[in-house]
Trainee: 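Please see the structure below; I have some questions.
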2 protein chains.
Amino acid sequence: MSEQGPELEIVHLLRKVTVEFGLRQAEFASLHQMHSTDVRALICLLDAERAGTDATAGWLGAQLGLNSAGTTAVIDRLERLGHLTRTRDPRDRRRVLLAVDERAVELGWAFFGPLIESTVAALRDFDEKETAAVRRFLYAAHEAVTSIP
Amino acid sequence: MSEQGPELEIVHLLRKVTVEFGLRQAEFASLHQMHSTDVRALICLLDAERAGTDATAGWLGAQLGLNSAGTTAVIDRLERLGHLTRTRDPRDRRRVLLAVDERAVELGWAFFGPLIESTVAALRDFDEKETAAVRRFLYAAHEAVTSIP
DNA sequence: CCCATTATCTCGCTGAGCGAGATAATATCC
DNA sequence: GGATATTATCTCGCTCAGCGAGATAATGGG
């Protein structure tokens with residue numbers, strides 16, 4: 001159980017990155033009186049915002065793999081901390097729309113900014129072909145990791 | 001807050017992979033009566049084994065960001081499920097060495113194998129320079145994500 | 001040999017997340 | 001248009017992961 005091909009080494013490297021990133025998330029969470037799940041929730045909500053999708057409570061729960069009770073709890077916590085606003089959807093008043101507060105975004109950037117900057121900086125040394133390769137790889141990894149029916 | 005450079009897109013892609021991977025881990029966990037932390041623990045232990053490092057209870061706790069009580073609990077759970085063996089270190093009998101059971105490895109491979117295979121397969125289309133680029137990027141990302149003193 | 005240090009475990013507690021079911025808004029059918 | 005089914009969210013009570021504090025046991029230095 002060691003020294004397999006260079007491809008496997010890359011997969012291990014990718015996994016290590018995901019593990020470490022999880023730990024940084026946890027640090028950020030406890031630094032701001034939150035839990036990992038709350039941070040993951042904020043990330044999902046920002047992704048939705050960036051994609052222009054409506055983020056409802058149910059949608060968030062699905063993203064996080066929580067049931068409705070747990071989802072309500074997450075939203076309650078984030079709302080209590082002022083990181084989030086609940087709004088009843090005027091078009092379908094059963095739904096609750098979620099909006100991330102600007103300040104929460106700033107806190108996130110303050111913590112993860114340097115990390116992101118540093119990664120982006122590394123990419124600046126890459127030429128066109130190399131950048132494309134990285135994107136292609138990550139895209140393939142994303143496919144592999146999402147499509148487990 | 002949208003459409004920044006292609007570098008940032010890559011970082012977002014990487015983050016998405018980590019998020020999805022976390023969800024797969026959670027699926028694997030509940031599939032085998034475990035929790036995410038237990039799975040992460042097994043991963044850490046296998047990494048240690050591969051690296052030839054002694055995996056002690058304290059070391060594991062540090063990797064997972066748990067305190068000693070929580071660490072004992074994780075180990076208890078994994079031992080109860082038969083995925084793990086505790087052995088007192090004969091050289092320093094305060095320490096407890098942890099060894100992952102072969103069957104746990106098989107379960108992991110059955111679940112994550114296809115996912116890994118598929119990612120590795122994608123790399124087969126890459127030439128030398130492209131593979132190197134991916135490795136270099138992941139290495140940089142790993143550096144960025146580990147070195148937040 | 002005593003004491004400080006290190007590694008792990010035990011106990012009691014807080015709170016994240018679950019199942020079950022309540023509530024309220026919307027969609028469907030006659 | 002009202003009865004009914006469906007959908008979205010929330011409430012309640014419970015279990016158990018992980019924490020803080022402190023116990024226990026092994027090691028190492030003076």
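Here is the naming used below: chain letters follow the sequence lines, and residue numbers restart at 1 for every chain.
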Trainee: Please name the pair of heavy atoms, one in A/Gly61 and one in A/Thr71, separated by the smallest distance, quoted to 0.1 Å.
Mentor: CA-OG1, 3.2 Å
Trainee: Given atom CD of B/Glu79 and atom C1' of C/dT8, what is their separation to the nearest angstrom?
Mentor: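 Those two atoms, CD and C1', are 13 Å apart.
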Trainee: When the distance from CG of A/Asp92 to P of C/dA27 is rounded to whole Å, what number comes out?
Mentor: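 Going from A/Asp92 (CG) to C/dA27 (P), I get 6 Å.
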Trainee: Over how many whole Å does the gap from A/Arg91 atom CZ to C/dT26 atom P extend?
Mentor: 13 Å
Trainee: Between A/Thr53 and A/Glu49, is there a donor-acceptor pair closer than 3.5 Å when you use the side chain of the first and the backbone of the second?
Mentor: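 Side chain of A/Thr53 to backbone of A/Glu49, a donor-acceptor pair under 3.5 Å: no, none is there.
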Trainee: Look at the aromatic rings of B/Phe137 and A/Phe126 and report parallel, tilted or perpendicular, splitting at 30° and 60°.
Mentor: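 It falls in the perpendicular class, over 60°.
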Trainee: Do nucleotides 9-24 of chain C as a string where each nucleotide becomes B, S or -: B if the base has a protein heavy atom under 4.0 Å, S if just the sugar-phosphate does, - if no protein is that close.
Mentor: BBB----SSBB-----
Trainee: Let me know the distance between CG of A/Asp89 and P of D/dT7, rounded to the nearest Å.
Mentor: 17 Å
Trainee: Please, which pairs that meet ring-ring contact (aromatic ring centres under 6.0 Å, His included) have at least one residue in residues 29-66 of chain B, sequence neighbours excluded?
Mentor: B/Phe28-B/His32
Trainee: Can you tell me how far the CG atom of B/Asp38 sits from the CG atom of B/Asp76, to the nearest 0.5 Å?
Mentor: 11.0 Å
Trainee: Would you list the pairs meeting salt bridge (Lys or Arg N to Asp or Glu O under 4.0 Å) in which at least one residue belongs to residues 51-64 of chain A, sequence neighbours left out?
Mentor: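 Of all non-adjacent pairs touching residues 51-64 of chain A, those that pass salt bridge (Lys or Arg N to Asp or Glu O under 4.0 Å) are A/Asp54-A/Arg95.
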Trainee: Starting from C1' on C/dA27, measure out to CZ on A/Arg95 and report it in whole angstrom.
Mentor: 14 Å
Trainee: Taking atom P of D/dG18 as reference, at what distance in whole Å does atom CD of B/Gln63 sit?
Mentor: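 Atom-to-atom, B/Gln63 to D/dG18, this comes out as 16 Å.
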Trainee: Rounding to a whole Å, what distance do you find between B/Leu78:CG and D/dC16:P?
Mentor: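 Going from CG in B/Leu78 over to P in D/dC16 covers 16 Å.
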